[in-house]
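Every chain is numbered from 1, with letters handed out A, B, ... down the list of sequences.
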Amino acid sequence: MPAPRVRIAPSPTGPLHIGTARTALFNYLYARRTGGTFVLRLEDTDLARNTIAFEEDILENLHWLGIGWDEGPDSAGGEDHGPYAPYRQMQRTADHVAAAKDLLARDLAYPCYCTPEELDADRKAQEAAHEAPHYVGRCANLTPEERSEREAAAKRPAVRFRVEQGVVGWHDLVRGDVEFDTANIGGDFLIVRSDGSPLYHFAVVVDDASMEMTHIIRGEDHISNTPKHILLFEALGHEIPKFAHLPLILNPDRTKMSKRKSQTAVADYRAQGFLPEALVNFLSLLGWSTGTEEEILSLDDIAGRFDLEHVQKGGAIFDKDRLEWLNGQWIRKLEPEDLIERLLPFLEADHQAGRIDRVPTAEELRPLIPIIQERLPTLASAGDLVGFLWQDKVTVDPAVLVPKRWDAATTLAGLRAARETISSSTAPIDFEADELEPPMRALAEARGWKAGDLFMAVRVAVTGRTATPPLFDSLVALGRDRVLARIDAAIDTLERSEDAA
RNA sequence: GCCCCCAUCGUCUAGAGGCCUAGGACGCCACCCUUUCAAGGUGGAGAUCACCGGUUCGAAUCCGGUUGGGGGUACCA
């Protein structure tokens, strides 16, 4: 048996979709597992909606996910590589035209002169008669005379493929045997438009045939297209590839995942600070499982064990909570230097957006890693977690400044005492978490305060928030001067709000 | 409407006739750890395996039907 050839054929009419990424991933995995070849082909025939920016987005984000292809375009608008080039549908029109001519010559297809208006009327009549929509066959048996008559009237024909009566079936690699009666596929179907351009069903089959695809692994939404494809492969005299239809990725309401109801662009997840490792791990487990209880798996791990037998048949809801959990798992596995490198662009973005006043250096980030790594659900959450370090000033709400068990007067006393204690440290020598904590605890004890309350008051004074990394590490990161200045500022705002009250 | 596909905790899933009084994970709840928040640990709630009927000594697993959900029904891809 020859090595499998599989493909993903996205159309650059939108950014890389989660569903496309998942299908690409499964094809990629299948190829890697079986020693096959994974092909990327661009379905770029929709001139109206195609853009180079989308093409770029698709290729770039597949690369980002780590899903590389053996044959196909190297980059957006760039060169193709592989023995079956070109890998852009637009550049394969000669093939499509030749194949159509061939079918026409063998009377497996015929020119159709029906106008959209006629077709529309047919459809309406069928609807009224409660019939399934189908082509009525008006042009199926035109005589040569009748054809030339229409040609003379300057009618440009489309090309229609003859569908004979019978049953088309296949053994689906994930669903088992599937059968369709050709009576239910809508009659003779169009393969070439009147302007000469091929329709999707025809173009894919011609391309898949000439690129020698052995397995077509795609979404379940293509099941009902499969009989047409099989008929076309047969007519073209090409061996019929194996089909495997993957379950759909669903919106929370169990409908097919869509932009309207879910976030579908891979780029958006990327921008939100999801790791490619996490996304790939998550996507692979949507509709497939190892058969064991392991679930934190790298792309290589998965490629080593992927199989179509463990592909689920039912659709799977995209559970973002689970993705976030997986993302946290992967963030915690990262080497510190790697984390720093990945964090920087997000802090850059925080700066651009005005959420922080300057971007820290890698050196500044390094000592922070131990305290933030286990607290980050996403890379984008770093700014939220420790952004106070790079903000010129923090806004402190007097209401949250006062710990639950304290009143304003106690808070004022607490902050003044804490300031005193902290300022007596001889920075930078003593300004270390280990040096700061004991005197602060001693202070709390001496005054009869719960340490937690005192710490909370200082935490809010210095960061503006109630949830932060450990207090003393935060103080050290901030530096003595800024800590003191912020406590002063907090005391000041608390006093003012008291005066106002 | 018609055709096709699907059906195990809220969610992702394990399960290929006895190992299942159905396992894991996310989420949720509680406790532990603890200066807050996380992370981590422990425990808990949560599924009459959609329903009905077969087959079988025995069914979540096989068969049929019902119901429910989804997908497809274009000179879109």
Side-chain angles (χ1 to χ4, degrees), chain A residues 9-11 13-14 43 45-46 48-49 89 112 114-116 119-120 123 126-127 130-134 156 158-160 172 174-175 178-181 183-186 189-195 197-201 203-204 219-227 245 247-248 250 252-256 282 285-296 309-310 312-326 328-329 331-332 371-377 381 385 403 437 440-441 444 450-456 458-460 463 465-472 474:
Chain A
S11 86
T13 53
E43 221 97 296
T45 44
D46 190 338
R49 295 188 298 152
Q89 198 158 69
C112 175
C114 295
T115 63
L119 263 12
D120 205 47
R123 196 169 7 253
Q126 288 160 2
E127 211 167 293
H130 296 289
E131 284 174 42
H134 61 277
R156 295 260 59 86
V159 180
R160 215 172 261 281
D172 196 283
V174 350
R175 277 147 222 279
V178 183
E179 277 189 353
F180 278 81
D181 191 315
N184 294 317
I185 67 176
F189 59 91
L190 249 17
I191 56 176
V192 179
R193 293 188 186 85
S194 46
D195 69 1
S197 62
L199 272 97
Y200 168 75
H201 295 305
V204 252
E220 185 188 342
D221 47 348
H222 282 288
I223 282 190
S224 50
N225 295 330
T226 306
H245 288 95
L248 261 20
L250 274 21
D253 65 0
R254 296 213 148 266
T255 54
K256 180 163 79 164
F282 176 73
L285 260 17
L286 270 191
W288 174 79
S289 67
T290 58
T292 70
E293 283 169 0
E294 301 150 274
E295 38 200 342
I296 310 295
E309 290 72 54
H310 281 90
Q312 201 79 15
K313 294 191 192 76
I317 293 175
F318 188 98
D319 181 2
K320 205 171 174 181
D321 281 343
R322 198 173 152 78
L323 206 212
E324 272 190 21
W325 168 75
L326 259 178
Q329 296 295 316
I331 285 181
R332 269 160 247 137
I371 62 171
I372 65 175
Q373 186 158 23
E374 63 198 22
R375 281 166 235 273
L376 293 174
S381 53
L385 192 62
E437 187 168 348
M440 286 287 277
R441 285 194 185 278
K450 296 200 82 166
D453 291 332
L454 177 64
F455 294 177
M456 184 53 85
V458 175
R459 169 179 293 113
V460 175
T463 68
R465 29 198 335 167
T466 54
T468 68
L471 179 62
F472 298 103
S474 300

Asks: Can you tell me, in whole Å, how much space there is between the C1' of U55(B) and that of U11(B)?
Replies: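 34 Å, rounded to whole Å.
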Asks: Should H310(A) be listed as having a side-chain N or O under 4.0 Å from OP1 or OP2 of A14(B)?
Replies: no
Asks: Can you tell me how far C1' in G24(B) sits from the matching atom in G46(B), rounded to whole Å?
Replies: 14 Å
Asks: Decide yes or no for E43(A) and V204(A): does some side-chain heavy atom of the first lie under 4.5 Å from some side-chain heavy atom of the second?
Replies: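 E43(A) vs V204(A): side chains touch.
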Asks: Which is it for E220(A) and K256(A) under the salt bridge (Lys or Arg N to Asp or Glu O under 4.0 Å) test, yes or no, and what are the steps along the way?
Replies: CA-CA 10 Å; E220(A) 185 188 342; K256(A) 180 163 79 164; over 6 Å; no
Asks: Select base, sugar-phosphate, or nothing to describe what E179(A) touches, counting heavy atoms under 4.0 Å on all strands.
Replies: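 Contact class for E179(A): sugar-phosphate only.
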Asks: Does R175(A) contact C5(B) through a side-chain donor or acceptor facing the base, at a distance under 3.5 Å?
Replies: no
Asks: Look at all strands and tell whether G219(A) reaches a base, only sugar-phosphate, or nothing, counting heavy atoms closer than 4.0 Å.
Replies: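 If one applies the 4.0 Å heavy-atom cut-off, G219(A) turns out to touch nothing in the nucleic acid.
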Asks: Nearest to the A132(A) side chain among G23(B), C2(B), G40(B), which nucleotide is it?
Replies: C2(B)
Asks: Provide the closest heavy-atom pair for M456(A) versus P403(A) in the form atom of the first, atom of the second, distance.
Replies: CB-CG, 4.5 Å
Asks: When rounded to the nearest Å, what value does the distance between P atoms of C33(B) and G69(B) take?
Replies: 49 Å
Asks: Consider side chain to side chain contact (heavy atoms under 4.5 Å, CB included). Of I372(A), L376(A), L326(A), which one does I331(A) pass it with?
Replies: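 Per the side chain to side chain contact (heavy atoms under 4.5 Å, CB included) rule, the option paired with I331(A) is L376(A), out of I372(A), L376(A), L326(A).
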Asks: Produce a footprint string for nucleotides 65-77 of chain B: one letter per nucleotide, 5' end first; B if the base is under 4.0 Å from any protein heavy atom, S if only the sugar-phosphate is, - if neither.
Replies: -----SSSSSBSB
Asks: With C1' as the reference atom in both, quote the distance from U8(B) to C20(B) in angstrom, rounded to an integer.
Replies: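 Each nucleotide's C1' atom is 12 Å from the other's.
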Asks: P252(A) near the nucleic acid: base, sugar-phosphate alone, or nothing, with a heavy-atom cut-off under 4.0 Å?
Replies: nothing
Asks: Report the residue (T466(A) or W325(A)) whose heavy-atom-nearest nucleotide on RNA chain B is the more 5′ of the two.
Replies: W325(A)
Asks: Quick one: are S224(A) and F180(A) in side-chain contact, heavy atoms under 4.5 Å?
Replies: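 Yes, their side chains come closer than 4.5 Å.
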Asks: What nucleotide, of U13(B), U36(B), C5(B), holds the atom closest to the side chain of P470(A)?
Replies: U36(B)
Asks: So which atom in S194(A) and which in R156(A) form the shortest heavy-atom distance, rounded to 0.1 Å?
Replies: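 Heavy atoms of S194(A) and R156(A) come nearest at CB-O, 3.4 Å.
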Asks: With nearest nucleotide decided by heavy atoms, which residue, D319(A) or Q329(A), maps closer to the 5′ end of RNA chain B?
Replies: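 Nearest-nucleotide comparison on RNA chain B picks D319(A).
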Asks: Measure distances between side-chain N and O atoms of R465(A) and base N and O atoms of U36(B), and say whether any donor-acceptor pair falls under 3.5 Å.
Replies: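 No pair found.
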Asks: Give a yes/no answer on whether the side chain of Q312(A) brings an N or O atom under 4.0 Å of OP1 or OP2 in C6(B).
Replies: no
Asks: Compare the minimum distances between each of C26(B), G40(B), U35(B) and the side chain of D321(A), then state the nucleotide with the smallest one.
Replies: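 That would be C26(B).
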Asks: Regarding R459(A) and T463(A), do their side chains bring together a donor and an acceptor under 3.5 Å, going by distance alone?
Replies: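 The answer is no; no qualifying pair exists.
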Asks: Check whether any side-chain N or O of R441(A) sits under 4.0 Å from OP1 or OP2 of U35(B), and answer yes or no.
Replies: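 Yes, such a contact exists.
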Asks: Measuring from atom NE2 of H134(A) to atom CD of Q126(A), what distance do you get when rounded to the nearest 0.5 angstrom?
Replies: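 Those atoms lie 4.5 Å apart.
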Asks: F472(A) CZ to U34(B) C1': how many Å, rounded?
Replies: 13 Å
Asks: Please state the C1' separation for the pair A39(B) and C26(B) - nearest whole angstrom.
Replies: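 So the two C1' atoms sit 16 Å from each other.
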Asks: Taking the same atom, C1', in C52(B) and in A59(B), what whole-Å distance lies between them?
Replies: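 These two C1' atoms come out 15 Å apart once rounded.
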Asks: How is A451(A) classified with respect to the nucleic acid when contacts are heavy atoms under 4.0 Å: base, sugar-phosphate, or nothing?
Replies: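 Result for A451(A) = nothing.
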